[in-house]
Amino acid sequence: AKLWKQTGSSEKVPAVDFNNEYVIAVFAGTKATGGYGIEVRAVTDTGEARSVALRITEPGTSCVVTEAQTNPYQIILVPHGDLSLSHTDTTAVTDCSE
């Protein structure tokens with residue numbers, strides 16, 4: 001609940017059954033403008049590890065973005081497990097020229 005409130009969301013705190021699931025939260029940090037994003041593309045259990053694949057997006061030079069600071073994040077629920085966590089990041093630039 002504390003993490004949810006820190007995001008500034010006005011939505012109700014979602015219920016989490018911590019006996020069967022846990023929360024993964026990913027943050028892209030503070031950005032000077034809009035047009036940035038972060039998302040969990042996949043969560044894969046392999047052997048003794050749970051791998052989280054992240055995609056980080058940033059605006060291309062032709063994109064019109066808000067001039068306000070943004071703090072992209074995503075919070076997801078995953079099945080409970082005792083696997084160690086790792087992550088891979090890919091970065092993509094949004095093409096707004098179309």
Side-chain angles (χ1 to χ4, degrees):
K2 184 177 179 181
L3 173 66
W4 187 259
K5 290 177 183 175
Q6 289 177 342
T7 67
S9 176
S10 60
E11 296 181 28
K12 182 180 174 186
V13 177
V16 178
D17 177 1
F18 285 103
N19 291 318
N20 296 308
E21 55 196 6
Y22 65 87
V23 174
I24 293 178
V26 294
F27 299 86
T30 301
K31 304 299 180 187
T33 67
Y36 292 86
I38 188 167
E39 74 174 312
V40 175
R41 303 283 289 189
V43 178
T44 308
D45 293 347
T46 54
E48 298 178 7
R50 175 169 280 173
S51 178
V52 180
L54 303 175
R55 182 174 185 204
I56 302 164
T57 55
E58 57 186 58
T61 56
S62 62
C63 294
V64 176
V65 297
T66 181
E67 292 299 321
Q69 274 189 346
T70 56
N71 298 286
Y73 69 92
Q74 184 179 23
I75 301 173
I76 65 168
L77 295 176
V78 296
H80 192 277
D82 293 328
L83 302 174
S84 63
L85 284 175
S86 66
H87 68 89
T88 56
D89 301 349
T90 57
T91 303
V93 177
T94 303
D95 180 8
C96 299
S97 61
E98 296 177 2

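Each residue takes its place number in the sequence, starting with 1.
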Asks: side-chain contact (heavy atoms from CB on, under 4.5 Å) for Leu54 and Val40? Distances and angles first, verdict last.
Replies: CA-CA 5 Å; Leu54 303 175; Val40 175; 3.8 Å; yes

Asks: Would you list the pairs meeting salt bridge (charged side-chain N to carboxylate O under 4.0 Å, His left out) in which at least one residue belongs to residues 65-78, sequence neighbours left out?
Replies: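 Salt bridge (charged side-chain N to carboxylate O under 4.0 Å, His left out) check on residues 65-78 returns no pairs.
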
Asks: Check residues 12-28 and write down every donor-acceptor pair under 3.5 Å in which the side-chain atom is one partner and the other belongs to a residue at least two apart or another chain.
Replies:
unit_1	atom_1	unit_2	atom_2	d
Asp17	OD1	Asn19	N	3.1
Asp17	OD2	Asn20	ND2	2.6
Glu21	OE2	Asp17	N	3.0
Tyr22	OH	Arg50	NH1	3.0

Asks: Roughly how far, to the nearest 0.5 Å, is the CG atom of Asn71 from the CD1 atom of Ile38?
Replies: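 Reported to 0.5 Å precision, the distance equals 11.5 Å.
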
Asks: Where do Ser97 and Ser62 come nearest, in terms of heavy atoms and distance?
Replies: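 Closest approach of Ser97 to Ser62, heavy atoms only: N-OG, 3.3 Å.
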
Asks: To the closest 0.5 Å, what do you measure between CG (Leu3) and NZ (Lys5)?
Replies: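 Going from the CG atom of Leu3 to the NZ atom of Lys5 covers 11.5 Å.
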
Asks: Within a reach of under 6.0 Å around NE2 of His87, are more than 12 heavy atoms found that belong to other residues, nucleotides or ligands?
Replies: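 No, because the 6.0 Å sphere around NE2 of His87 holds 12 heavy atoms or fewer from other groups.
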
Asks: If you round to the nearest 0.5 Å, how far is OG of Ser9 from CD1 of Ile75?
Replies: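 It comes to 8.0 Å.
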
Asks: Quick check against the 3.5 Å criterion: does Thr57 have a side-chain atom that pairs as donor or acceptor with the backbone of Gly37?
Replies: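 A pair under 3.5 Å: yes.
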
Asks: I need the minimum non-hydrogen distance between Thr91 and Glu58, along with the two atoms involved.
Replies: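 Heavy atoms only, the tightest pair is CG2-OE1, 3.9 Å.
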
Asks: More than 12 heavy atoms of other residues, nucleotides or ligands under 6.0 Å from CD of Glu48: yes or no?
Replies: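 No, because the 6.0 Å sphere around CD of Glu48 holds 12 heavy atoms or fewer from other groups.
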
Asks: If I compare all heavy atoms of Thr66 with all of Thr33, which pair ends up nearest, and what's the gap?
Replies: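 Closest heavy-atom pair between Thr66 and Thr33: O-CB, 3.3 Å.
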
Asks: Mind checking whether Leu77 and Val52 sit in one hydrophobic cluster, side chains of I, L, V, M, F, W, Y counted as touching below 4.5 Å?
Replies: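 Hydrophobic grouping puts Leu77 apart from Val52.
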
Asks: Evaluate the criterion side-chain contact (heavy atoms from CB on, under 4.5 Å) for residue pair Gln74 and Ile76; output intermediate values, then yes/no.
Replies: CA-CA 7 Å; Gln74 184 179 23; Ile76 65 168; 3.8 Å; yes

Asks: Which atom pair, heavy atoms only, marks the closest approach of Gly34 to Pro59?
Replies: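 Of all heavy-atom pairs spanning Gly34 and Pro59, the closest is O-CG, 3.8 Å.
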
Asks: Report the distance from atom OG of Ser51 to atom CG of Leu85, rounding to the nearest 0.5 Å.
Replies: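 It is 9.0 Å, given to the nearest 0.5 Å.
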
Asks: What is the distance from atom CG of Asp45 to atom CG of Leu83, rounded to the nearest 0.5 Å?
Replies: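 One finds 5.0 Å between CG of Asp45 and CG of Leu83.
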
Asks: Could you see if Trp4 belongs to whatever hydrophobic cluster contains Tyr73? Use Ile, Leu, Val, Met, Phe, Trp, Tyr and a side-chain cutoff under 4.5 Å.
Replies: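 Yes; Tyr73 is reachable from Trp4 via cluster members.
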
